[in-house]
Amino acid sequence: MRHSVEKGETVIKQGDTKSDYFYVIGSGNVKFLVDGKPMGTASKGKAFGELALMYDCPRAATCVATTKCDLWRVDQHTFKIIRANHVLEVDQGAKNLLMKVKFLEGLDENLI
């Protein structure tokens, strides 16, 4: 879902326990603050907000738009589905590789 924010608008507030979205920057710039101290910036193509969704913890940083931004946001449920599918794909790739190892040739595929 596309979400626009104005310059100076807080997208995520450090410590928030309501972690609804993961964000990808479509345009604009965002700065990251931890305990009020600048920790970095991000621009088009970069993403943020995943830690709280992955680990079900409070937001680790405040994220503020330094310019008008167009953000793409993914809700927590969809984010978890995407992550789970990615893990399955990586696991299948590792399994396929292991099945090509000579000394594992006779092993039942379900055991790998």
Side-chain angles (χ1 to χ4, degrees):
M1 173 189 299
R2 191 169 153 200
H3 179 70
S4 294
V5 294
E6 296 298 322
K7 178 180 179 179
E9 189 173 337
T10 298
V11 180
I12 292 175
K13 185 177 177 189
Q14 182 179 358
D16 276 355
T17 55
K18 184 179 178 188
S19 302
D20 294 346
Y21 298 102
F22 164 74
Y23 296 89
V24 179
I25 303 171
S27 67
N29 298 296
V30 175
K31 67 179 175 182
F32 307 106
L33 306 162
V34 175
D35 298 328
K37 297 176 186 165
M39 299 305 278
T41 61
S43 57
K44 183 178 180 176
K46 300 298 181 184
F48 61 95
E50 70 279 5
L51 293 177
L53 298 181
M54 290 170 57
Y55 301 112
D56 197 28
C57 61
R59 295 292 191 169
T62 295
C63 308
V64 179
T66 56
T67 63
K68 180 176 175 21
C69 294
D70 284 322
L71 306 172
W72 293 98
R73 62 185 190 181
V74 178
D75 66 84
Q76 186 175 32
H77 176 74
T78 303
F79 178 81
K80 287 184 176 184
I81 290 171
I82 292 167
R83 289 265 310 142
N85 285 334
H86 177 71
V87 168
L88 289 174
E89 288 174 12
V90 170
D91 287 352
Q92 186 60 48
K95 183 177 180 178
N96 291 342
L97 183 64
L98 288 172
M99 289 171 52
K100 294 177 183 178
V101 174
K102 186 94 173 137
F103 73 88
L104 297 176
E105 277 180 349
L107 193 59
D108 185 318
E109 181 180 327
N110 295 321
L111 296 175
I112 294 180

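For this chain, numbers begin at 1 and follow the sequence in order. A quick note: this is a predicted structure, and the numbers were derived from the prediction, not measured.
- Judged by distance alone, the side chain of Glu9 and the main-chain N or O of Glu6 form a donor-acceptor pair under 3.5 Å.
- Grouping the Ile, Leu, Val, Met, Phe, Trp and Tyr side chains by contacts below 4.5 angstrom, directly or via other members, places Leu97 apart from Val101.
- With values rounded to the nearest 0.5 angstrom, Met54 atom CE is found 10.5 Å from Lys80 atom NZ.
- The side-chain heavy atoms of Val11 and Val64, taken from C-beta on, include no pair separated by under 4.5 Å.
- Between Gln92 atom CD and Lys95 atom NZ the span is 5.5 Å, to the nearest 0.5 Å.
- Nearest approach of Arg59 to Gly49, heavy atoms of both residues: NH1-O, 2.9 Å.
- Distance check: Leu51 CG to Asp56 CG gives 12.5 Å after rounding to the nearest 0.5 Å.
- Tracing side-chain contacts under 4.5 Å through hydrophobic residues (I, L, V, M, F, W, Y), one reaches Ile12 starting from Val5; they form part of the same cluster.
- The environment of Met39 atom CE is sparse: at most 12 non-hydrogen atoms of other residues, nucleotides or ligands sit within 6.0 angstrom.
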Tell me which donor-acceptor pairs under 3.5 Å the side chains of residues 19-36 have, and how far apart each pair is, sequence neighbours excluded?
unit_1 : atom_1 : unit_2 : atom_2 : d
Ser27  : OG     : Asp70  : OD2    : 3.4
Asp35  : OD1    : Gln14  : NE2    : 3.2

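- Within the model, atoms NE2 of His3 and CH2 of Trp72 stand 12.5 Å from one another, a figure rounded to the nearest 0.5 Å.
- Side-chain contact between Lys68 and Lys7 is absent, with no heavy atoms from C-beta onward closer than 4.5 Å.
- From Phe79, atom CZ reaches atom CZ of Arg73 across 15.5 Å, with rounding to the nearest 0.5 Å.
- A donor-acceptor pair under 3.5 Å links the side-chain atoms of Asp75 to the main chain of His77, judged by distance alone.
- Heavy atoms of other residues, nucleotides or ligands lying less than 6.0 angstrom from CG of Asn96 number more than 12.
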